[in-house]
Each structure stands twice: as structure tokens, then as C-alpha cells.
Participant: 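Encoded as C-alpha cells, here's the structure I'll be asking about.
Here, residue 1 is the first one in the sequence, and each next residue gets the next number. Values below: all heavy atoms of this structure, side chains included; hydrogens, waters and symmetry mates excluded.
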Amino acid sequence: MPSKDNHDSAAPLPMSRRRFIHTATRMGLAGIGSALFSHDVWAGRLADSSTEKLFQTAPVARYWISSNAPDVDCTACHLPDADISKDATKAHGRGIVKCLLCANECMIPPGERGRCRTRFNDDGLLKSLVYGRPVAVHVDPIEKKPFYHYLPGSNAFSLATAGCPLQCKFCQNWEISQARPEDFSGDIVSFRNIVASARKKAAIIAFTYNEPTVFTEYLTDIARFSRTEGLKNVLVSCGFMTQAPLTEMCEVLDAIKIDLKGFSTAFYRKFCDAELAPVLRSITQVAKSGVHLEIVNLVVPTLNDSSPMLTNLVDWILGEVGPDVPVHFTRFHPDYRMLNLPPTPLDTLVRAYEIAREKGLRYPYIGNWPGHPGNHTYCPKCGEIVIRRTGFFVTEILMEQGLCRKCKQPIAGVWRR
């Protein structure tokens, strides 16, 4: 069983996604060309030209309503007890749009965009400024997402656009998640071309790095087509979408990892500029859909690492999702607007891990601490290691047909394509 013996010294952190994207972006256009062939990296560079073409060619988005639609239900934007006159639609003048993609549900006047910076009201039509515009593409181990119970040892063709509905002060990928689409130049890449490129490199496509909900139209087009080509699709998400787009995504995705950043409404509001309730709703929706689910909790020193908060988080997962969902307690490192805190001590991660095990979670993990035994998968019945890992790489699988080799206990997860 995992212990903290001989692991008290700080372990080196692997290269973060933020550092990778930052390095790729700084390479500029010339560096990108060679990287595309030698390192499987694509990224945009800061745009020097006008953004007019971006706004003109952006396709109409999904999941929104307009105040000027002939059949609009005014209570979709106004409270039911509001004093809404029969002429309210006309009073709006030019069309105000309410975006229904994420839980922010932004009310967007003409010429403006939502908080994610990727959806634009073009005179009453909501447009996606990120469709077909990936700014980073890379091949990662699936364990880096992290997915520990979904096709271990596989490679994932990973892509991102700009934008995110959250503003987490500790974001690791803030160069793209907090950027605008026009901050990057590059050609439109069709969903067919993405799938063709992915087939050469991996069996899985991962939507990751920024919040993929902002490019849900592109994501679902890629995922639907990739399935016809025999590929799998996984999502790495903050879980802040609304129910309808998540339903569509669950129809075309094979696995979803959601970041449950802390079990506190106050924490979400202060440090993510968001709400906790929509994330919990998304987690339960994914679990009920049958799509493979894993959860990550980034443990931030002094902010979401108290034993009561960790206990409440584990209790909620057990009560709403069950004991078999893998839960990763991941090490924080200083980044973006939170450079004042130290990296998470190992003792804190071990405490979170032990709370989870004692409460009855069968597959807790210590994340972002390479070499710690909390990275391995253990049989919940006999305690033997069934998947051994070094960093992001699987070094040994001691299962047969999803069963522990020693005691034949079924191990929850997806082990074969």
C-alpha cells in the first residue's frame, strides 16, 4: 500500500502543459513549421494582422437564444415574476443574445462577446470565434490528462483552442485559456483534417488544455467523424457547461475527466470566478450517462486543503457517484496569479489520499508527484498493484481481462478498445 516513507523530499515536477504551450507559442511561426514534423506540436503565434476576417467568417454557434426571435420565451432571460410587457421584444431593438452553453449564461449585446471571449453577438447571431482554430496540438500519454482507468498506456492526440468560461487564479494554461481567439493566427483546420492527423499518431483524441466546452461545435464534429474512423474521444473539462451541450457531448465522447477544484462555493467564487453547483450537476450527469468518468481535485495549500473540505468532497462523491470513480488529488504549483503560495506538501496529498481510502473510495491517487506509490492502481480486494506507473507512463499491467491477476477481483475501468 502507498506510504509516505522515503518520499518526504520534494519530487521534481514534470513539464507542465502551461510550460509546453508557453514554449510553443513563443517559438513563433518559423519554429512551428519544424516542430510540426519533429515534435508533433502545432501552436499559433500572436497575431499581427487585422481580426476582421475572423469575425466575418466565424460560423453561427449552437446553444443560444435571441431576444428578437419570433417565438422567444421571455422567461428564458427574465425572472417569471418580472413585469414583462407584451411589447418587450420590440423594446430590445437590436438582438440581445443569451448564450446557453455554459453556466455563466451570458447576456451578450450586439458587437460584444461572452465571458469566455470566444462567442460573439453579430447583430443578433451568436458566432463561434474558435471553430476550426486550434492553437495547440500535441501527443500526450493518456495518463497525463489524467486518465488512469481508461486504456492505460495509450497515446492521446490532444488539441485546444483559446478561451475558458472560468478565470482560475491558479490556471496552468492561462496563455491560451485566458486569451482571445484573435491573439493567435493560423489557418482553419477542418474536423476531417484533425481526424486524419490524429489517426497517424494515436488511437484517442483528447479535447484538453483550455476548456473544450467553448469549442463544443468543433469538438462534437471531430468526435462524431473520428468514431467512424475507429478512434476514441475523451474530454478534460472544468464541468461548467449546461445540461443540453453536455448531453450532446456524452453522446460522442468515451471518457470525461472533470476538475472538482474544491468543495466550497466560496472557493469557486473567489478563486475561479465561478459557481460550484453547475460542476456538481455535470459530474452527476456524466456518471448517469454511462460515459467513463474520472475526477481531479487540485489541492491548493491553505485554500481547499482542510480535512473537513476534503472529507465533504469525498462524501459527496461517494453519495452521488459511487466508490469506483477514480479521484486524483493533484499537487498544486505556483502559477498565473497565484505565485504567493508554495507547492502542495506531500503530507497534504497523503492526508487527502488516506481520507479517501478510509471513507471507501476504491481508486484514489496522488497526482503530480512522480515516483510516489500513490500513482499505482491497487486491487480494492487484495491490495496488490494491478497497474504500476512511473511518472505518466505505465510500466506494468497485472490484470487479465479487467480482473486482478491474484484474486480475480474486477477492476473498474475501460481496459480494451
Participant: With under 30° as parallel and over 60° as perpendicular, where do the rings of F147 and H292 fit, or are they tilted in between?
Facilitator: tilted
Participant: Tell me yes or no: between the side chains of S158 and K145, is some donor less than 3.5 Å from an acceptor?
Facilitator: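 Note: S158 and K145 side chains meet the donor-acceptor criterion.
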Participant: Do E294 and H149 have side-chain atoms, one donor and one acceptor, less than 3.5 Å apart?
Facilitator: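 No, H149 and E294 have no side-chain donor paired with an acceptor closer than 3.5 Å.
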Participant: Under 3.5 Å, side chain of N233 to main-chain N/O of F207, donor-acceptor pair present?
Facilitator: no
Participant: Using side-chain heavy atoms (C-beta onward) and a distance below 4.5 Å, is L235 in contact with L219?
Facilitator: yes
Participant: Does T242 use its side chain to pair, donor to acceptor, with the backbone of L101 at less than 3.5 Å?
Facilitator: yes
Participant: Distance under 6.0 Å and angle within 45° of the ring axis: does R192 meet both against F225?
Facilitator: yes
Participant: Is the CZ atom of R337 crowded by more than 12 outside heavy atoms at less than 6.0 Å?
Facilitator: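 Open: at most 12 neighbouring heavy atoms sit under 6.0 Å from CZ of R337.
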Participant: Using 30° and 60° as the class boundaries, would you call the ring planes of F120 and F55 parallel, tilted or perpendicular?
Facilitator: perpendicular
Participant: How many angstroms lie between NE2 in H376 and CD1 in I385, if you round to the nearest 0.5 Å?
Facilitator: 4.5 Å
Participant: Mind checking whether F157 and L231 have side chains closer than 4.5 Å, heavy atoms only?
Facilitator: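 Not in contact.
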Participant: Ignoring hydrogens, what is the shortest heavy-atom contact between C250 and V291? Give both atom names and the distance.
Facilitator: O-CG2, 3.5 Å
Participant: Quick one: does any side-chain atom of D221 pair with a main-chain N or O of Y218 as donor and acceptor, under 3.5 Å?
Facilitator: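 No; zero donor-acceptor contacts below 3.5 Å.
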Participant: Determine whether V234 and K232 satisfy the following criterion, side-chain contact (heavy atoms from CB on, under 4.5 Å), listing intermediate values before the conclusion.
Facilitator: CA-CA 7 Å; V234 304; K232 301 294 185 179; 5.6 Å; no
Participant: Does the N210 side chain pair with the main chain of T161, one donor and one acceptor, at a distance under 3.5 Å?
Facilitator: yes
Participant: Got a donor-acceptor contact below 3.5 angstrom from the D324 side chain to the R362 backbone?
Facilitator: no
Participant: Judged by modelled atom types alone, do S289 and E251 share a side-chain donor-acceptor pair under 3.5 Å?
Facilitator: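 Side chains of S289 and E251: no pair found under 3.5 Å.
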Participant: Can you see whether T377 engages Y365 through a side-chain donor-acceptor pair at a distance of less than 3.5 angstrom?
Facilitator: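 Result is yes, a qualifying pair exists.
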Participant: Rounded at 0.5 Å granularity, tell me how far CH2 in W369 sits from CZ in R331.
Facilitator: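 Answer rounded to 0.5 Å: 4.0 Å.
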Participant: Between H372 and G374 (side chain of the first, backbone of the second, donor and acceptor by atom type, cut-off under 3.5 Å), is there such a pair?
Facilitator: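 Side chain of H372 to backbone of G374: a pair is present.
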Participant: Looking at L129 and P181, what are the two nearest heavy atoms and their distance?
Facilitator: O-CB, 3.6 Å
Participant: Is there a donor-acceptor pair closer than 3.5 Å between any side-chain N or O of Q178 and the backbone N or O of L166?
Facilitator: yes
Participant: Does a salt bridge link E217 with R119, judged by any charged N lying under 4.0 Å from a carboxylate O?
Facilitator: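 Here E217 pairs with R119 in a salt bridge, since their nearest N and O are under 4.0 Å apart.
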Participant: Could you tell me whether R281 atom CZ has more than 12 heavy atoms of other residues or ligands within 6.0 Å of it?
Facilitator: yes
Participant: For the side chain of N304 and the backbone of S264, is there at least one donor-acceptor N/O pair under 3.5 Å apart?
Facilitator: no
Participant: Could you walk me through whether S237 and E211 pass side-chain contact (heavy atoms from CB on, under 4.5 Å), step by step?
Facilitator: CA-CA 6 Å; S237 174; E211 172 47 51; 3.0 Å; yes
Participant: Assess the pair Y148 and Y363: is the distance between their ring centroids shorter than 6.0 Å?
Facilitator: no
Participant: Check whether any side-chain heavy atom of L303 sits under 4.5 Å from a side-chain heavy atom of M338, and report yes or no.
Facilitator: yes
Participant: Does a side-chain N-to-carboxylate-O contact under 4.0 Å join R62 and E248?
Facilitator: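 Result for this pair is yes, salt bridge flagged.
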Participant: Measure across I108 and C99 and return the closest heavy-atom pair with its distance rounded to 0.1 Å.
Facilitator: CD1-CB, 4.2 Å
Participant: Does atom CD of Q243 have more than 12 heavy-atom neighbours, drawn from other residues, nucleotides or ligands, at distances under 6.0 Å?
Facilitator: no
Participant: Holding to side-chain contact (heavy atoms from CB on, under 4.5 Å), I want the full list of residues that pass it with C102, two or more places apart in sequence or in another chain.
Facilitator: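 C102: side-chain contact (heavy atoms from CB on, under 4.5 Å) contacts with N104, P165, F240.
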Participant: Indicate yes or no for a side-chain donor-acceptor contact from T344 to the backbone of F332 under 3.5 Å, with no hydrogens or angles considered.
Facilitator: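 Yes.
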Participant: Checking side-chain contact (heavy atoms from CB on, under 4.5 Å) for the pair D315/F263: CA distance, chi angles, key distance, verdict?
Facilitator: CA-CA 10 Å; D315 284 342; F263 204 73; over 6 Å; no
Participant: Would you mind reporting whether K261 and F267 have side-chain heavy atoms less than 4.5 Å apart?
Facilitator: yes
Participant: Step by step, work out the side-chain contact (heavy atoms from CB on, under 4.5 Å) result for N297 and L310.
Facilitator: CA-CA 9 Å; N297 176 227; L310 292 168; 3.6 Å; yes
Participant: Going from CG on L341 to CG on D335, what distance comes out if it is rounded to the nearest 0.5 angstrom?
Facilitator: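 The CG atom of D335 is 12.0 Å from CG of L341, to the nearest 0.5 Å.
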Participant: Should V279 and Y268 count as side-chain neighbours, where that means a heavy-atom distance under 4.5 Å?
Facilitator: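 Yes, side chains in contact.
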Participant: Does a side-chain heavy-atom distance below 4.5 Å link K257 with V296?
Facilitator: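 They are in contact (side-chain heavy atoms under 4.5 Å apart), so the answer is yes.
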Participant: Enter the distance from C404:SG to I411:CD1 here, rounded to the nearest 0.5 Å.
Facilitator: 5.5 Å
Participant: I'd like to check V314 versus F329 (side-chain heavy atoms, cut-off strictly below 4.5 Å). Are they in contact?
Facilitator: yes
Participant: Taking all non-hydrogen atoms of both residues, which atom of S226 and which atom of A223 are closest, and how far apart?
Facilitator: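 Between these two residues, the closest heavy atoms are OG-O, 3.0 Å.
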Participant: Find the distance between SG (C272) and NZ (K169) and round it off to the nearest 0.5 Å.
Facilitator: 8.5 Å
Participant: Got a second to check how far E112's CD is from N121's CG, nearest 0.5 Å?
Facilitator: 8.5 Å
Participant: Taking all non-hydrogen atoms of both residues into account, name the closest pair between G114 and C106 and its distance.
Facilitator: CA-SG, 4.0 Å
Participant: Check whether any side-chain N or O of N312 sits under 3.5 Å from a backbone N or O of M309 as a donor-acceptor pair, and report yes or no.
Facilitator: no
Participant: Just wondering, do V300 and L298 contact through their side chains at under 4.5 Å, heavy atoms?
Facilitator: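 A side-chain contact under 4.5 Å exists here.
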Participant: Ignoring hydrogens, what is the shortest heavy-atom contact between L293 and V325? Give both atom names and the distance.
Facilitator: O-CG2, 3.4 Å
